[in-house]
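Below: one structure, written as structure tokens.
Numbering of ligands and ligand atoms starts at 1, following listing order. All figures in this text were calculated on a predicted structure; none of them were measured in a lab.
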Amino acid sequence: MNLANSGLNQIAEALDNREMSSVELCEDYLTRIDDAEQLNAFITIDREGAIENARQVDENRQSGASLGPLAGIPIAHKDIFCTKGLLTSCGSRILSNFISPYSATVVERLSAAGAITIGKTNMDEFAMGSSSEHSYYRPVLNPWDTTRVPGGSSGGSAAAVAAGLIPAATGTDTGGSIRQPAALCGITGIKPSYGRASRFGMIAFASSLDQAGIFARSAKDAALLLDSMCGYDPKDSTSLDIPPPQCTQKLETPLDGLRIGIPEEYFTAGLDAKVAEIVQRALKEYESLGATLIDVKLPNSDAAIPCYYVIAPAEASSNLSRFDGVRYGYRSEHGESLAQMYRKTRSEGFGPEVRRRIMIGTYVLSHGYYDAYYVKAQRVRRLISNDYSRVFETCDLIMGPTTPTTAFEIGAKMSDPVLMYLNDVYTAAVNLAGLPAISIPAGFDELGLPVGLHIVAPYLEEARLLQAAHLYQKHTDYHLATPDLVT
Ligand code: GLN
């Protein structure tokens, strides 16, 4: 079996047929991880834990015990998810000594389905960034071209799946952090509707936008993981008490009369010509599969980035106030008074991008600016959300590019935060509206870099999203391509 691009079903089947044991499978993936160390995709690798758990699953299989759908399959978690007994750094110095005493609900659910945690993936500090260069650890490299970024903030998970170091991984998406790196690394990345997956144990960045999701090689694999991961959790007051999405079961349901909305605002200046061409081709492919393309308008698209960059930092400034050197994590040695200890801890513990966000967030929430910025941004958020509701009256899905360009060079946008923020022009609005969305591979530019197709569905329609993605993947093979680095 070629581990570089095997699907979860193939792997599960091989385990079921005793072609290999879960221990052997984990060892093979661990070797692949070691061989691709230069990508910096991982912050922590839990060799012993993974092998021990794999041995347990092998024993259970041997004894004929009933096994979960992911039994014995190794996966990785973004280092934003708390994992009991393992370092959970969130890519930050301030948590660089934090061993979590409990696991996130998402981690627990995937483990309960039989998945084996092989390690924790590298990321932009506190999930703030679009390139995974803002990690306290080394920057993650893109396996398609190691002089380029994998996208961010979940770049470690994306690079690991793209390079076949692991068949699937978790990520989080606050403004695009699953879909943008999925696009730049040529894999499938899905963010479910806000409230579908529990945020318990997922370190908070912007609580009204954060959502856990999946990186996988195909929509089919993503469906399997999503079904295991989603569902009501009494420990998260924003988790929805509704039946799970049952994406796997609905995957093959035909999408008769599918109407796809194409927002005119997506194909304007700023979009790379080659990316536009490839996305247009993908839309034609959908047309030839029976879909109808409808021109639509999302008139407030322009406001998404400014609105996001008021709301997300505001929430971050509040969420990150808990990192003070007292409760847990890094503490500066240099403070002579309590106030000085707080200040030094936070100045030394947070990197420049996180400090910038805290400053912006504190500013927009401060007395005198609250109405002018924060309240106004909330109003704009409603307008953006209404745009989608209106469009979904006449179509079933919205499609367009995931990102304006393919993967850019390391360092290219580090000195210009706004340029970095613009990576999320197509994705951030979706989080503001709380909708589910996916990025799937749609082709390659002239440099051989992957291009992502972005699909957005109405609230709670992740099954439809995955049906459409699966339909495309049955007729194309972009999702099966692997970078040269991978053997
Ligand atoms: N790139 C965006 C930011 O920096 C989105 C990050 C995310 O989705 N976590 O905030």
Side-chain angles (χ1 to χ4, degrees), residues 77-81 90-92 121-135 139-140 149-158 169-185 189-192 194 197 199 202-215 304-317 319-320 350-361 364 377 381 402-405 407-408 412-414 416-439 452 454 456:
H77 294 294
K78 184 179 184 180
D79 208 22
I80 199 167
F81 290 99
C90 215
S92 181
T121 58
N122 202 350
M123 55 181 286
D124 281 305
E125 185 178 6
F126 284 99
M128 298 175 189
S130 300
S131 68
S132 300
E133 291 167 288
H134 294 298
S135 166
V140 184
V149 304
S153 62
S154 319
S157 286
T170 55
T172 59
D173 193 311
T174 303
S177 279
I178 290 177
R179 294 159 287 153
Q180 187 255 10
L184 269 44
C185 288
I190 181 165
K191 167 206 124 46
Y194 184 80
R199 289 184 299 111
M202 189 175 106
I203 295 172
F205 162 12
S207 310
S208 77
L209 301 161
D210 297 342
Q211 190 49 205
I214 290 295
F215 291 97
I305 290 288
C307 174
Y308 172 87
Y309 277 97
V310 172
I311 291 173
E315 295 185 17
S317 76
N319 275 324
L320 270 58
F350 291 133
E353 183 59 28
V354 174
R355 294 204 300 270
R356 182 181 296 127
R357 304 277 180 117
I358 292 173
M359 302 271 281
I360 296 171
V364 300
R381 180 178 191 168
T402 309
T403 56
T405 66
F408 48 93
K413 301 189 180 182
M414 281 299 268
D416 188 342
V418 174
L419 214 56
M420 189 72 94
Y421 299 167
L422 286 173
N423 273 284
D424 296 316
V425 277
Y426 303 122
T427 52
V430 173
N431 300 71
L432 291 166
L435 303 174
I438 194 169
S439 179
H454 189 214
V456 186

With sequence neighbours excluded, residues passing side-chain hydrogen bond (donor to acceptor under 3.5 Å, both in side chains) with Arg381: Ser208
Aromatic plane relationship, Tyr308 with Phe205 - under 30° parallel, 30 to 60° tilted, over 60° perpendicular: perpendicular
side-chain hydrogen bond (donor to acceptor under 3.5 Å, both in side chains) partners for His454, two or more places apart: Arg179
Set of residues satisfying side-chain hydrogen bond (donor to acceptor under 3.5 Å, both in side chains) with respect to Thr403, sequence neighbours excluded: none
Residue pair Phe215 / Lys78, side-chain heavy-atom distance below 4.5 Å: no
Amino acids in close contact with ligand 1, where any non-hydrogen atom sits under 4.0 angstrom away: Ala127, Met128, Gly129, Ser130, Ser153, Asp173, Thr174, Gly175, Gly176, Ser177, Phe205, Tyr308, Tyr309, Arg357, Asp424
Donor on one side chain, acceptor on other, Asn122 and Ser132, under 3.5 Å: no
